[in-house]
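Have a look at the structure below, then the notes.
Chain letters run A, B, ... following the sequence lines, proteins first and then strands; every chain starts at 1.
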2 protein chains.
Amino acid sequence: MKKPLEITSFSNEKLKYISGLKEKKNRERSNTFFIEGYREIQRAKASEKIEFEYILTCPACYLGENEEELISSIDAKTILVPKQVFEKISYRDRPDGLIATANLPDFSLSKNPNLSGAPVLVIEGVEKPGNLGTILRTAEGAGFETVFVADPRLDLFNPNVIRSSTGTLFTLDVRQGEISELYPLLKKAGYRTIAVTPEAKSLYWDGNLKGKVALVFGSEQYGLSEYARTKSDEYISLPMKGVADSLNLAMSAGILMYEVLRQNR
Amino acid sequence: MKKPLEITSFSNEKLKYISGLKEKKNRERSNTFFIEGYREIQRAKASEKIEFEYILTCPACYLGENEEELISSIDAKTILVPKQVFEKISYRDRPDGLIATANLPDFSLSKNPNLSGAPVLVIEGVEKPGNLGTILRTAEGAGFETVFVADPRLDLFNPNVIRSSTGTLFTLDVRQGEISELYPLLKKAGYRTIAVTPEAKSLYWDGNLKGKVALVFGSEQYGLSEYARTKSDEYISLPMKGVADSLNLAMSAGILMYEVLRQNR
């Protein structure tokens with residue numbers, strides 16, 4: 001392993017830069033972002049999509065045994081900091097001693113997304129980073145390979161998206177674009193767009209969710225866009241018993257993705 | 001409406017008492033608890049299980065139009081406080097101007113729980129208040145009426161349970177008890193206990209989840225207890241594609257509860 005740079009003062013310019021990447025404005029300015037945690041960095045590395053810049057490390061914070069191995073496998077400048085400095089830069093309650101920075105990857109639709117037959121998910125106008133992260137993590141579990149984040153009301157590289165996705169933001173084929181660009185792409189690839197909305201009369205378990213299916217969900221507060229509300233191939237709803245508002249967006253998406261998996265078993 | 005008491009200083013003893021109920025030790029000492037939010041208080045009131053003590057109110061924080069109506073429907077002492085005091089006592093980022101205190105209700109197994117045929121849920125050893133709250137909210141949506149919280153590693157009346165349950169902690173029949181007390185009760189009422197564990201060979205969608213079913217989930221970190229691991233009637237698993245740990249407890253429980261609803265449609 002290369003000899004790491006040791007920095008002991010939080011007022012160092014490099015550390016200020018790294019810590020600043022938790023803020024969107026700084027990510028936009030530098031075109032880099034902040035990845036915290038062994039699992040998240042390991043998945044970013046495994047995806048082969050991420051070009052690393054720095055690895056910030058604090059051996060006194062390690063929770064596992066493979067941290068050094070992961071660090072040596074990554075081509076990046078290593079910086080060693082003491083625990084109290086690491087905790088200041090960390091985004092977590094219980095930091096695990098690893099933070100990386102990396103160049104923002106291209107998640108646009110400019111290169112062809114993976115539309116080879118596996119079901120795909122479309123999330124429109126999502127507002128809450130924690131919801132998007134949980135949805136990605138669940139998509140991975142349900143065997144989805146491609147997730148389109150259409151017209152989001154958040155930044156995909158918000159540390160909370162990365163954390164709640166447990167790094168599946170990198171292992172899935174995640175793409176950001178406009179819904180009006182995406183639908184023609186899905187149609188061309190032979191996918192049926194099936195929008196989930198409480199207004200639909202057909203319950204999800206009566207729908208045919210086999211084959212090339214694109215499940216479409218609207219935002220937490222506003223639901224589907226006018227475009228998806230009028231231009232989807234089919235519409236289904238998720239029944240709710242009891243009092244209103246019983247399911248949040250991530251839960252609804254998880255239940256539907258597993259129904260797709262069940263029907264395609 | 002009765003004339004409310006006005007208090008303008010946070011150092012007032014009554015306000016300190018109310019604010020203190022966010023801590024478990026104070027709830028145990030006084031046998032009362034803290035309910036924040038219009039929706040949560042409204043559902044506590046509707047459940048007819050909750051004996052209110054105080055309503056703390058800040059009209060400048062109201063987000064809706066029916067707050068005064070709710071307050072007058074509740075038999076409790078009303079305290080009016082200014083915005084900056086309310087925000088100090090509140091547990092939320094965006095408080096909505098209503099906090100109540102109430103006597104801790106009896107959620108033990110001493111009175112007979114509702115076991116009249118609807119599916120029931122058993123959550124063992126749950127650790128995270130947000131998970132339990134989300135599970136309760138989803139249980140309500142999936143038409144479950146009874147939820148057993150067996151040997152929890154948290155306090156049921158943690159403000160975060162109440163908040164993430166959106167008040168369904170009160171509208172559902174929620175009971176706390178020991179797993180070894182609960183299983184005989186379920187058996188006597190004709191329920192089959194079906195434990196969900198990654199060790200099970202049978203996938204959930206091949207299982208028969210119709211009729212008197214008790215779905216059993218273990219804790220986030222430790223899984224099922226030895227008791228549930230050996231004494232359940234059946235065992236099923238939830239398939240996971242891709243990398244490991246793709247589903248959290250609340251998501252797994254939500255997917256399974258909706259499969260029960262689907263099979264019983």
Exercise. Between Arg262(B) and Glu259(B), is there a salt bridge with N-O shorter than 4.0 Å?
Worked result: yes
Problem set entry | Top of Thr134(A), Leu256(A), Asn248(A) for chain B proximity - count of heavy-atom pairs under 4.5 angstrom |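 Looking at each option in turn, the highest pair count goes to Asn248(A).
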For this session: Would you mind telling me which of Gly167(A), Ala46(A), Gly141(A), Ala250(A) has the largest number of heavy-atom pairs within less than 4.5 Å of chain B?
Result: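 Sorted descending by pairs with chain B, the first entry is Gly141(A).
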Problem set entry | Side-chain donor or acceptor of Gln263(B) paired with backbone N/O of Gly207(B) under 3.5 Å | yes
Exercise. How far apart are the closest heavy atoms of Arg192(A) and Asn208(A), and which atoms are they?
Worked result: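 Result for this residue pair: NH2-O, 3.0 Å.
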Exercise. Would you say Leu115(A) and Leu186(A) make side-chain contact, with heavy atoms under 4.5 Å?
Worked result: yes
Exercise. Should we count CD of Glu69(B) as having more than 12 external heavy atoms under 6.0 Å?
Worked result: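 No, because the 6.0 Å sphere around CD of Glu69(B) holds 12 heavy atoms or fewer from other groups.
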Exercise. Of the backbone (N, CA, C, O) and the side chain (C-beta and beyond), which part of Tyr204(A) lies under 4.5 Å from a heavy atom of chain B, both, or neither?
Worked result: side chain
For this session: Answer with side chain, backbone, both or neither: which region of Thr168(B) has an atom nearer than 4.5 Å to a non-hydrogen atom of chain A?
Result: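 Interface part for Thr168(B): side chain.
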Exercise. Of the backbone (N, CA, C, O) and the side chain (C-beta and beyond), which part of Leu238(B) lies under 4.5 Å from a heavy atom of chain A, both, or neither?
Worked result: side chain
